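The model shown is predicted, which means the values in this text are computed figures rather than measured ones.
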Amino acid sequence: MKHSSQILPLSFLLMVSLIVGGCNGISIRTNADEYITYQAAASTVEIYQPSELYNHDNEPLGEVVTTYCANAPEAIEAGVPSINTLKKQLKVQTQKRGGNALIITDCGKMIYPACSIYLECNGLAYFLKS
């Protein structure tokens, strides 16, 4: 009986060693860093009406555009991005150009012959100096 009482702790120790040793070198990959960077970039850009922007010293940075096209039922079932998501993409594009202000000129569902569902958002990126 003395041998069986020593085997149980040794077996437990062996199992724990295998589990811990087997997890050595495992790495976990996520897109959390990309998501946080994306959210942070979008948060630095404000949306303005054209009349509001004329009251500020600004530098035009050009047009920003984002689109979504889906034909396959799988893509449609996976989910169509919201208009807010498209606007956030315009904000990120604006920030990447060095801007901090955005005028959205057009955004919504449109007709495009090659797509069952087509969304497009257009805007003008600016850098406000004041």
Side-chain angles (χ1 to χ4, degrees):
M1 284 291 180
K2 190 172 186 177
H3 292 294
S4 65
S5 64
Q6 291 176 348
I7 293 176
L8 186 59
L10 288 175
S11 298
F12 179 73
L13 183 61
L14 180 62
M15 291 290 286
V16 169
S17 297
L18 288 173
I19 291 171
V20 172
C23 294
N24 188 20
I26 289 180
S27 64
I28 298 172
R29 295 182 184 196
T30 70
N31 66 346
D33 185 43
E34 293 172 20
Y35 177 78
I36 291 168
T37 302
Y38 180 84
Q39 295 295 336
S43 70
T44 63
V45 176
E46 294 293 323
I47 296 176
Y48 289 87
Q49 296 298 320
S51 60
E52 294 175 300
L53 212 57
Y54 297 125
N55 297 329
H56 299 280
D57 186 16
N58 65 68
E59 178 183 335
L61 301 174
E63 186 177 21
V64 287
V65 178
T66 188
T67 62
Y68 173 81
C69 173
N71 277 325
E74 301 84 28
I76 296 169
E77 288 175 14
V80 176
S82 68
I83 296 299
N84 284 336
T85 299
L86 295 177
K87 288 179 180 180
K88 192 175 285 187
Q89 289 176 357
L90 292 181
K91 286 180 161 187
V92 170
Q93 289 179 32
T94 299
Q95 191 274 336
K96 286 183 178 180
R97 290 185 183 194
N100 57 7
L102 171 67
I103 294 175
I104 296 179
T105 56
D106 196 16
C107 194
K109 189 173 183 179
M110 299 183 187
I111 296 172
Y112 191 75
C115 306
S116 298
I117 296 176
Y118 182 74
L119 303 174
E120 181 176 308
C121 284
N122 302 293
L124 299 171
Y126 289 88
F127 174 70
L128 296 186
K129 298 175 185 177
S130 58

If you measure from [atom1] on [X] to [atom2] on [Y], what distance do you get to the nearest 0.5 Å?
X: L61; Y: Q93; atom1: CG; atom2: CD; result: 12.5 Å
X: K109; Y: E120; atom1: NZ; atom2: CD; result: 14.5 Å
X: I47; Y: K88; atom1: CD1; atom2: NZ; result: 10.5 Å
X: K87; Y: T66; atom1: NZ; atom2: OG1; result: 13.0 Å
X: N58; Y: K129; atom1: CG; atom2: NZ; result: 8.0 Å

Exercise for the section: Among Ile, Leu, Val, Met, Phe, Trp and Tyr joined by side-chain contacts under 4.5 Å, find the other residues sharing a cluster with I103 and list them by chain and number. Expected result: Y48, L53, L124, Y126, L128
Test item: [X] side-chain N/O and [Y] main-chain N/O as donor-acceptor pair under 3.5 Å:
X: N122; Y: V65; value: no
X: R97; Y: E63; value: yes
X: N84; Y: S82; value: no

Practice task
Spell out, yes or no, whether M110 and Y112 are grouped together once hydrophobic residues are joined by side-chain heavy atoms under 4.5 Å, including indirect joins.
Solution key: yes
Using every non-hydrogen atom in the two residues, find where [X] and [Y] come nearest and quote the distance to one decimal.
X: C69; Y: A114; value: SG-O, 4.2 Å
X: C107; Y: I83; value: SG-CG2, 3.6 Å
X: H56; Y: E52; value: CD2-O, 3.1 Å
X: L86; Y: P81; value: CD2-CG, 4.5 Å
X: F127; Y: G98; value: CD1-O, 3.4 Å

Exercise for the section: For a side-chain contact (heavy atoms from CB on, under 4.5 Å) with L90, tell me which candidate from L102, T105, V45 qualifies. Expected result: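 For L90, the side-chain contact (heavy atoms from CB on, under 4.5 Å) test succeeds with only one of L102, T105, V45, which is L102.
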